[in-house]
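Below, chains carry the letters A, B, ... as their sequence lines are ordered, and counting in each starts from 1.
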Amino acid sequence: MNHSNEEKEPRKSLNFIESIIEEDLRNNKNDSRVHTRFPPEPNGYLHIGHAKSICLNFGLAQKYNGKCNLRFDDTNPTKEEQEYVDSIMEDVRWLGFDWEDRLFYASDYFDQLYAWAEKLILDGKAYVDDQPAEEISRQRGTPTRPGIESPFRERTVEANLELFRRMKNGDFPDGSHVLRARIDMASPNMHMRDPVLYRILHTPHDRTGDKWCIYPMYDFAHGQSDYLEGITHSICTLEFEIHRPLYDWFLDNLIETEYRPRQIEFARLNLSYTVMSKRKLLELVKEGYVSGWDDPRMPTVTGLRRRGYTPESIRNFADRIGVAKRDNVIDVALLEHSIREDLNRKALRVMGVLDPLKIVITNYPEGKSEELEAVNNPEDESMGRRVIPFSREIYIEQGDFMEDPPRKFFRLSPGNEVRLRYAYIIKCEEVVKDADGRIVELRCTYDPDTRSGGPAANRKVKGTIHW
RNA sequence: UGUCCGAUGGUGUAACUGGCAACACGUCUGAUUUUGGUUCAGAAGAGUCCAGGUUCGAGCCCUGGUCGGACAACCA
């Protein structure tokens with residue numbers, strides 16, 4: 001006998017990131033803090049794929065009583081614009097998340113990053129390379145062949161330091177020098193073959209102005225930024241997986257504390273029939289194929305918003321698709337299901353005719369009109385009712401009438417009846433056409449007893465249409 | 001001839017320290033319905049990439065393959 005009728009806790013299963021976090025928590029890693037971040041580069045508008053990442057990062061912070069920062073990864077002034085940072089903040093807020101006072105920019109850390117670069121030079125772990133990009137690229141080898149070392153790799157610390165300072169001071173033109181980490185040109189991981197740390201860019205930065213003409217690369221900025229912000233779990237997409245050894249290398253060589261952020265990768269969202277690449281979306285906007293980033297056909301957050309998606313529906317969607325490391329293509333039908341589910345519950349219903357076809361109800365008295373009552377939301381009576389005027393002449397949707405209907409057509413056709421929603425059952429008696437044979441009007445009769453609430457209101461007909 | 005990652009119904013995601021493969025979307029059937037929606041009831045659909053091994057027992061562990069993805073910007 002089962003004395004305790006308690007069932008086994010249905011215990012919601014954890015995704016792989018939650019499992020990692022819970023293990024870290026059990027081990028009291030990083031003082032059992034959970035601190036994530038959403039780190040977009042402000043070079044475009046956010047799309048539904050970013051929404052997945054936002055829901056993930058902010059959601060994890062909420063679930064584990066932690067925090068989530070918003071950080072702009074603005075290390076490349078040639079691609080970034082204020083318009084994008086504004087839109088990103090708006091979209092994140094609209095989705096329902098709050099970074100509170102934790103709004104950061106990678107550019108906030110340029111001084112510290114620069115100091116770290118000098119430290120690497122002093123430790124003999126970084127050097128200035130005078131070769132052009134093409135040469136460096138050539139020397140890097142291929143994934144299956146080791147690279148060769150730069151002729152500048154053995155420069156003295158003093159020479160490197162002086163050169164790097166001159167780079168910073170603007171003594172050199174773009175592309176003439178870079179600072180590189182001195183790691184291993186034979187590494188099977190391409191990213192460990194003396195990656196570039198700093199490049200010269202005589203381009204003013206939206207936030208630092210003319211202060212800098214050298215800018216750190218993503219790899220040199222990201223992990224350290226995570227560190228500076230106290231991030232514990234740095235969640236990014238799969239393509240950065242191979243960068244992880246480098247992410248760890250900088251931390252290992254730059255900091256001495258026990259605390260360390262950890263990079264975790266997940267598979268980005270792909271949606272069926274949907275273009276998601278930032279580059280292509282930018283092209284659609286720039287070439288004028290769409291009206292803008294908020295064109296309702298765009299998969300951007302702002303486009304979805306304009307299209308009528310709610311934040312709740314997108315959050316539910318993000319929840320439902322889960323998170324894993326295998327490549328995936330989510331059926332867009334799931335996104336659509338999410339918005340229908342939400343809107344069905346809370347959208348106000350009204351009737352509207354987009355493509356009108358005139359109806360004259362021949363047995364309805366001329367000059368008469370009456371007021372009919374309609375519910376605003378059949379799913380929720382508390383949303384109230386409204387009154388709609390009805391008279392001898394009304395309009396229905398062209399598509400709701402077919403002169404020669406196929407077998408399963410349930411709407412209006414010659415000699416057939418339909419119900420006008422919230423009104424009467426009408427019957428099509430005559431089709432009026434113009435000289436070109438186009439249907440311009442339908443002459444119908446109505447059954448006065450079938451008004452909603454009336455004596456024959458329950459009489460069934462196959463179809464109900466709006467008007 | 002490299003390194004890293006992945007492989008479970010049509011699509012996604014689960015299966016807690018190995019124990020009858022579950023949930024959602026989609027599809028199909030039926031009922032209800034004043035919009036072919038919603039709601040409700042039900043069904044079909046995978047034996048977990050392959051081959052070995054360990055085990056009473058493997059989707060989970062081990063070995064070896066196969067297939068797919070990522071990596072050769074002074075992009076992120």
Undergrad: Nearest to the A:I242 side chain among B:U3, B:A76, B:U34, which nucleotide is it?
TA: B:U3

Undergrad: Are A:Y114 and A:F164 an aromatic pair by the rule of ring centers under 6.0 Å?
TA: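 Yes, ring centres under 6.0 Å apart.
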
Undergrad: For A:R320, report the nucleic acid contact type (base, sugar-phosphate, nothing); a contact means any heavy atom under 4.0 Å.
TA: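 Counting heavy atoms under 4.0 Å across all strands, the contact made by A:R320 is with sugar-phosphate only.
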
Undergrad: Just to confirm, is there a sub-4.0 Å distance from OP1 or OP2 of B:G36 to any side-chain nitrogen or oxygen of A:K408?
TA: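 For A:K408, the contact criterion (side-chain N or O under 4.0 Å from OP1 or OP2 of B:G36) is not met.
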
Undergrad: Can you list every side-chain hydrogen bond (donor to acceptor under 3.5 Å, both in side chains) pair that touches residues 163-178 of chain A, not counting sequence neighbours?
TA: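 Only A:E118-A:R165, A:D130-A:H177, A:R166-A:D171 qualify under side-chain hydrogen bond (donor to acceptor under 3.5 Å, both in side chains).
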
Undergrad: Quick one: does A:R411 reach the base of B:G36 with a side-chain donor-acceptor pair under 3.5 Å?
TA: yes

Undergrad: Check every strand shown and say whether A:K278 touches a base, only sugar-phosphate, or nothing at a heavy-atom separation below 4.0 Å.
TA: nothing

Undergrad: Which residues satisfy the side-chain hydrogen bond (donor to acceptor under 3.5 Å, both in side chains) test with A:D449, sequence neighbours excluded?
TA: none

Undergrad: Which part of the nucleic acid, if any, lies within contact of A:A133, taking any heavy atom under 4.0 Å across all strands shown: a base, the sugar-phosphate backbone alone, or nothing?
TA: base

Undergrad: Note every stem involving RNA chain B: at least three consecutive Watson-Crick or G-U wobble pairs, i with j then i+1 with j-1, with both distances under 3.5 Å.
TA: B:2-7 with B:66-71, B:10-13 with B:22-25, B:27-31 with B:39-43, B:49-53 with B:61-65

Undergrad: Measure from the side-chain heavy atoms of A:R326 and tell me the nearest of B:A72, B:U8, B:A73.
TA: B:U8

Undergrad: Could you check which of B:A24, B:A14, B:G2 has an atom nearest any side-chain atom of A:L334?
TA: B:A24

Undergrad: Quick one: A:E239 CD to B:C71 C1', roughly how many Å, whole number?
TA: 11 Å

Undergrad: Could you tell me how far B:G42 sits from B:C5 if I compare only their C1' atoms? Round to whole Å.
TA: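 Between the two C1' atoms, the distance is 41 Å.
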
Undergrad: Show me the pairs that pass salt bridge (charged side-chain N to carboxylate O under 4.0 Å, His left out) and involve residues 192-201 of chain A, at least two apart or across chains.
TA: A:R153-A:D194

Undergrad: Does anything in residues 186-193 of chain A come within less than 4.0 Å of RNA chain B? Heavy atoms only, and list the residues if so.
TA: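 Residues of residues 186-193 of chain A under 4.0 Å from RNA chain B: A:P188, A:M190, A:H191.
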
Undergrad: Sticking with atom C1', work out how far B:G45 lies from B:G26, rounded to a whole angstrom.
TA: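 Roughly 11 Å separates the two C1' atoms.
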
Undergrad: Base, sugar-phosphate alone, or nothing: which one does A:P132 contact when heavy atoms must sit under 4.0 Å apart?
TA: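 Here A:P132 touches the bases of the nucleic acid.
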
Undergrad: Looking at every strand, decide which applies to A:L238 at a 4.0 Å heavy-atom threshold: base, sugar-phosphate, or nothing.
TA: nothing

Undergrad: What pairs of residues pass the salt bridge (charged side-chain N to carboxylate O under 4.0 Å, His left out) test when at least one of them lies in residues 394-407 of chain A, not counting sequence neighbours?
TA: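 Sorted pair list: A:D400-A:R411, A:E403-A:K433.
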
Undergrad: Under 4.0 Å, heavy atoms only, any strand: does A:V178 hit a base, just the sugar-phosphate, or nothing?
TA: base

Undergrad: Quickly work out the A:I426 CD1 to B:U34 C1' distance and round it to whole Å.
TA: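 Going from A:I426 (CD1) to B:U34 (C1'), I get 14 Å.
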
Undergrad: So if I take every side-chain heavy atom of A:D331 and compare against B:A7, B:A24, B:G10, which nucleotide ends up nearest?
TA: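 The closest nucleotide is B:G10.
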
Undergrad: If you define the side chain from C-beta out and look only at heavy atoms, does anything of A:L60 sit under 4.5 Å from A:I17?
TA: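 They are in contact (side-chain heavy atoms under 4.5 Å apart), so the answer is yes.
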
Undergrad: Using whole Å, what does the distance between atom P of nucleotide B:U34 and atom OH of A:Y422 come to?
TA: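 Those two atoms, OH and P, are 11 Å apart.
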
Undergrad: Should the side chain of A:H243 and the base of B:A76 be counted as holding a donor-acceptor pair, with the cut-off at 3.5 Å?
TA: yes

